[in-house]
Amino acid sequence: MKRILVIDDNEEILWIVGEIFKHAGFESKCSYDPSDLMPLTEEFKPDLILLDVQLGKHDGRQLCSNLQSEPHTQHIPVVLMSANKKSSVLDGFNCKPKAFINKPFDIDELISCVNQQIT
């Protein structure tokens with residue numbers, strides 16, 4: 001079973017995404033606390049990380065860059081999600097997500113995006 005780690009500071013979105021992934025046959029672990037990212041990545045060993053861009057005091061783009069600069073996490077595909085458009089969100093950042101999902105997202109589009117990145 002493929003594992004998805006989800007980091008978003010909106011607990012309702014976390015619950016919804018967790019349910020979506022459960023029904024789609026994925027194992028997911030969700031956290032609203034961005035400081036959980038690295039410990040959960042080491043513990044859970046996800047096949048993909050779904051990461052919100054705006055995480056309160058944290059910036060998902062910087063977290064994405066951090067993941068991609070670490071030898072033990074750079075192989076994990078990162079999908080960013082945001083209510084803002086991709087072009088405005090990624091300008092000026094080194095983060096290179098495998099995909100980008102706009103909020104609000106379509107459930108089928110979310111599942112399709114994840115499947116494309118981990119199959």
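What you see is a predicted model; the values in this text were computed from it and never measured. Along the sequence shown, the residues carry numbers beginning at 1. Heavy-atom basis, side chains included; hydrogens, waters and symmetry copies ignored.
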For this session: Start with the C-alpha distance between Leu110 and Leu50, add both sets of side-chain angles, then the distance that settles side-chain contact (heavy atoms from CB on, under 4.5 Å), and finish with yes or no.
Result: CA-CA 10 Å; Leu110 174 64; Leu50 182 61; 4.1 Å; yes
Problem set entry | Electrostatic pair Glu27:Lys22 at N-O distance under 4.0 angstrom | no
Problem set entry | Criterion side-chain contact (heavy atoms from CB on, under 4.5 Å) on Thr41 and Leu5, from CA distance to verdict | CA-CA 7 Å; Thr41 299; Leu5 176 59; 3.5 Å; yes
Exercise. Given the rule that I, L, V, M, F, W and Y join up when any side-chain heavy atoms are under 4.5 Å apart, are Val78 and Ile111 in one cluster?
Worked result: no
Seminar exercise, completed: Taking every heavy atom of Ser82 against every heavy atom of Val53, the minimum-distance pair comes out as CB-CG2, 3.8 Å
Exercise. Where is the tightest heavy-atom contact between Asp47 and Lys2, given as atom of each residue plus distance?
Worked result: OD2-CA, 3.3 Å
Problem set entry | Side chain Asp52, main chain Leu55, donor-acceptor under 3.5 Å | no
Exercise. Say you draw a straight line from CZ of Phe105 to CD1 of Ile13; how long is it, rounded to the nearest 0.5 Å?
Worked result: 6.0 Å
For this session: Mind checking the CD1-CD spacing from Ile107 to Glu19? Nearest 0.5 Å is all I need.
Result: 11.0 Å
For this session: Grab the two heavy atoms, one from Leu40 and one from Pro46, that are nearest each other, plus how far apart they are.
Result: O-CD, 4.4 Å
For this session: Report the C-alpha separation of Leu67 and Leu37 in whole Å, then their side-chain angles, then the decisive distance to 0.1 Å, and conclude whether the side-chain contact (heavy atoms from CB on, under 4.5 Å) test is met.
Result: CA-CA 9 Å; Leu67 286 164; Leu37 176 62; 3.8 Å; yes
Exercise. Are the side chains of Cys113 and Val79 in touch, meaning some heavy atoms are under 4.5 Å apart?
Worked result: yes
Exercise. If you count the non-hydrogen atoms of other residues, nucleotides and ligands that lie under 6.0 Å from CD in Gln74, is the total more than 12?
Worked result: yes
Exercise. For Ser31, does its backbone N or O pair with a side-chain atom of Asp36 as donor and acceptor, under 3.5 Å?
Worked result: no
Seminar exercise, completed: Between Phe44 and Arg3 the two heavy atoms that sit nearest each other are O-NH1, 2.5 Å
Problem set entry | Nearest-0.5 Å distance that lies between atom CD in Gln116 and atom NZ in Lys98 | 12.5 Å
Problem set entry | Shared hydrophobic cluster, Val114 / Val17 (ILVMFWY, side-chain heavy atoms < 4.5 Å) | yes
Problem set entry | Separation between CG of Leu80 and CG of Leu51, rounded to the nearest 0.5 Å | 5.5 Å
Problem set entry | Phe26/Ile20 under side-chain contact (heavy atoms from CB on, under 4.5 Å): CA gap, chis, key distance, verdict | CA-CA 9 Å; Phe26 296 109; Ile20 290 168; over 6 Å; no
Exercise. Do Asp9 and Lys57 meet the salt-bridge criterion of a basic N to acidic O distance under 4.0 Å?
Worked result: no
For this session: Specify the closest pair of heavy atoms between Pro34 and Ile7, including all atoms of both residues, with the distance to one decimal.
Result: CA-CG2, 3.9 Å
Exercise. Distance only, no hydrogens: is a donor on one side chain within 3.5 Å (strictly under) of an acceptor on the other, for Gln62 and Asn66?
Worked result: yes
Seminar exercise, completed: Exactly one of Gln68, Met38, Glu42 clears side-chain contact (heavy atoms from CB on, under 4.5 Å) with Thr73, and that residue is Met38
Problem set entry | Whether Gln54 side chain and Asp59 backbone form a donor-acceptor pair below 3.5 Å | no
Exercise. What heavy-atom pair brings Val6 and Met81 nearest, and what distance separates the two atoms?
Worked result: CG1-CE, 4.3 Å
Exercise. When clusters are formed by joining ILVMFWY residues with side-chain heavy atoms under 4.5 Å apart, either directly or through shared neighbours, do Phe100 and Ile49 land in the same one?
Worked result: yes
Exercise. Would you say Ser112's side chain and Asp108's backbone share a donor-acceptor pair under 3.5 angstrom?
Worked result: no
Exercise. What residue pairs, at least two apart or across chains, pass disulfide (SG to SG under 2.5 Å) with a residue in residues 15-81?
Worked result: Cys64-Cys95
